[in-house]
Amino acid sequence: MTQIPKAYNAKNYEKGIYQKWEKAGAFMPKGDPKKKPFTISLPPPNATGQLHLGHAMMLAIEDIMVRYNRMQGRPTLWLPGTDHAAIATQNKVEKIIAEEGLDRHTMGRAKFLSRVKKYVKESQNTIRNQIRQMGASVDWTRERYTMDDQLTHAVRAAFLQMYKDGLIYRGHRIVNWCTRCGSTLADDELEYREEKSKFYYLKYGPVVIGTARPETKFHDKIIIVHPKDKRYKDLVGKELTVPWITGDVKAKFVADESADMEMGSGAMTITPAHSFVDFDLAQKYGFEVVQIINEKGEITEAGGEDFEGLHVLEARDKVVKELDKKGLLDHIDEEYVHNLSCCYRCGTAVEPLVSEQWFIDVNKKVRGKTLKERSLEAVRKGDIEILPDRFNKVYFHWIENLRDWCISRQIWWGHRIPVWHCVDKKCKHHKEPIVSLKDPDKCPKCKGTKLKQDPDTLDTWFSSGLWTFSTLGWPKKTSDFKKFHPTQVLETGYDILFFWVARMILMTTYLLDEVPFETVYLHGLIRDKQGRKMSKSLGNGIDPLDMIENYGADAVRLSLVLGSSPGNDLRVYEEKIAGYRNFVNKIWNSARYVLMNLEKEDFHTEIDPKTLSRADKWILHRLNQVTKQATKSLDKYSLSEVGMGVYDFFWSEYCDWYLEISKIQPNKAVLAHVLKTILKLLHPYTPYVTEVLWEKMDQKTLLITEEWPKVDPMFNFTKANKEMQAVLKVVSTIRQLRADYKLKPGQKIKASFQGAKLNAVLQDNMDIIMRLARLENPVIEKEEKKTPGSIVSFAGPVKIKLMTKGIVDVNKEKARLKAEIQNLTAYLKGLEGKLKNEGYIHNAPKQIVEADKQRYLEGKERLEKMVQQFKSLG
RNA sequence: GGGCGAUUAGCUCAGUUGGCUAGAGCGUCUGGUUUACACCCAGAAGGUCGCUGGUUCGAGCCCAGCAUCGCCCACCA
């Protein structure tokens, strides 16, 4: 007999339990070496501050997968780490130093970077602490950071290999440019903001062209028309002089199918340096590309002395005025709504411009395949399975339309591009890049020592694309790498399918000729109670740490997992978390009861099959069923389904019925066995409370490393299960009657039963029925006896009669019976129709028809008895 | 413009390969100190499964169309 507190206070236990696990080395991969390892690389949170509920969800989901597989005896590795998050981190630190009146340029590169490093260190500590608080069983001995020496080495190795294969090239191409960050952005690093602006129609020689950005049009010289457009047929190929912003220009008509005949005049001029579409056209035909806007968002010398140096917005007004003066302004549409592309990190409008950058060629064949082809194939062939599978389509579409990936960034924080140039003027090869794994000290050509490294850094997703294997020691073929790669699951939010998941597949299939992971589990976004995104500006965010403080980590985990399925958003709010806290407390109290009634040795005794009552057999049978279902569904990653299934079984069967029955006829070994098994089933979901209780049950092992429950064929009791369910139904029915007639809870009622085939079962369990339904002197009647003033109801085939003469109103009983008779009659009529239907009898599976027949016969019998009873009431 | 998702009780959501009178939690209502738990127990009310057709013996589930809400991608001369 062990006493524990009345309520579970998570705070008192969680820290100690986590330390115990960690000390025992329980997070390190052990398990049966013959079994296939199970590995998850934790998506490394940005080292920029704090974790939010999305991270908490990720940790909860992955921890469930990991704990389950660990209990299945597989060598299990969950590798944690953090990401240096180039732009995000740099922006954060820039903001911080701005408050001190500083900026990075006056500070200098070295000083600024050391400031960033300090910030990252603090942030990493916060994150480590938060991951621990969630109970995440990550292997801290293998923690990694994208800027670790070893990972940086992996980045360089990857760069070098891609460079040698000609996949990485330097080119003058159009890129997305953020004028605030002073850097390029990848296509998917843009966000779109709807904006209303003016739309200008301008007279350009014989045509009218439309534009939202007149300030880019100084050097428009090509007019594109559709080859089938009759209006311009004669003009195609011709050159003519037209008056334009800063004087006359020579314009040329070119036919290309990209022109839309329906739109405006059907003719358009192009600005190759500042529009992706126009740039492609210029490449196709070899048009001149003139830069109009520079990296600061100002007009270049191409605008002439009147415009050079003006910011784009100022220039816009001035250009329009100038055109108007010349009579070239046709009209202005004030209500033009369009999507403005903005920087996803700072929100500044993005300026497409041509710049010299490093790119990854996604269409060049290496070893017979392009990067695109490899990426598509991995998913098409089923080597990678995406959950939910509807995201396959989204993935394919994205890869198919992928352009060359711009990987250079003009920011300071990140992996410096491993390219050097010889700056010795005497060297003939000073234009050739030197790409090297280690910092070179001399030029390989002229042996000079004047080398300068490319000032740019790499896109942060370049290094995270290597995450599943750079963390395992690649490019060295370490034993970890051999054992744990490919990983099994990559679990992350669907919002970074492109950013990260696709990049990992692209990099890994090329570099390793294998997939990075077998399954992609995409979780949804966290929303508030009204379904809104959580955001700082709305102030509707919930801090996971506050919730853990108030309700415990187990409750927080449940609120993030139950009721959620891959790909679907999830609403999270405090009442929900409080509800799961109640569940955790219920676990605690069920164990409290068992602990109070059992001795230590009871937790170690085997179940003796000879001692099993029908109730024992029932709960053991149900436990088998639940275990079977849970195992099957967890293998398919149906985490919510399993959690809810066990929740339900535990609460509404084990607690509500079996524990109550155990107060009447206890079987200590069964009580202990079922509870211990439930703790195991729940452990992946609520690791803390289950581990605490496990300890209280005199277990010498840790629950985290216990074996996952197996179905025990000895405990399959189909018949007892059915019989016991009937008994429980009898109790429920009586309770219902008692409530209907407002019988006092304490008042014991005389009752009789007619159960036909079930009579023996009822007799065996009469104690239970009596106690749970508060009866006295219950009897089983073999024959119908008249008992005036009693009330009657049916639990399946069992007729229940409560002797309530003088207690209840006969008229009320008549009304109730009448309603029940009507209800049943309607039901039987439906069934009858079905059973008379030839089509149904022929086509439906036999068991279904058989079951309906049974139901019909049983219902019919019940109806007869009810009618009889109704009549007897006079 | 293309695509995807959602629509089931007042709220949040389950609902397997189509087959019991469609379920749970929260909330509401009625009762309740019983060998753990009031963070609890017993019971109840509450649903034209978004709409319209179709397939089928049978549809919440499959098909077509529509509506509303949300998301993603593309385009915007």
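Please read all numbers here as calculations on a predicted model, not as lab measurements. Reminder, nothing fancy here: chain letters follow the sequence lines and each chain counts from 1.
- At the heavy-atom level, A:Gln736 lies under 4.0 Å from the strands shown only through sugar-phosphate atoms.
- In terms of position on RNA chain B, the residue among A:Tyr494 and A:Arg571 whose nearest nucleotide sits closer to the 5' end is A:Arg571.
- Contact annotation for A:Asp569: no contact, since no heavy-atom pair falls under 4.0 Å across all strands.
- One donor-acceptor pair, N or O on each side, does fall under 3.5 Å between the base of B:A36 and the side chain of A:Lys663.
- Backbone-only contact: A:Asn837 has heavy atoms under 4.0 Å from sugar-phosphate atoms and none from a base.
- Using a 4.0 Å heavy-atom distance criterion, A:Val277 is classed as a sugar-phosphate-only contact.
- When all heavy atoms of A:Ala251 and A:Tyr204 are compared, the pair lying nearest together is CB-OH, 3.5 Å.
- In the set B:A44, B:C37, B:G19, B:C37 carries the atom at the smallest distance from any side-chain atom of A:Glu660.
- When heavy atoms are screened at a 4.0 angstrom cut-off, A:Tyr573 is found touching the sugar-phosphate backbone but no base atom.
- Of the P atoms belonging to B:C71 and B:G32, the separation is 49 Å, rounded to the nearest Å.
- In this model, no side-chain donor or acceptor of A:Arg390 finds a partner on the base of B:C4 within 3.5 Å.
- When heavy atoms are screened at a 4.0 angstrom cut-off, A:Asp656 is found touching the sugar-phosphate backbone but no base atom.
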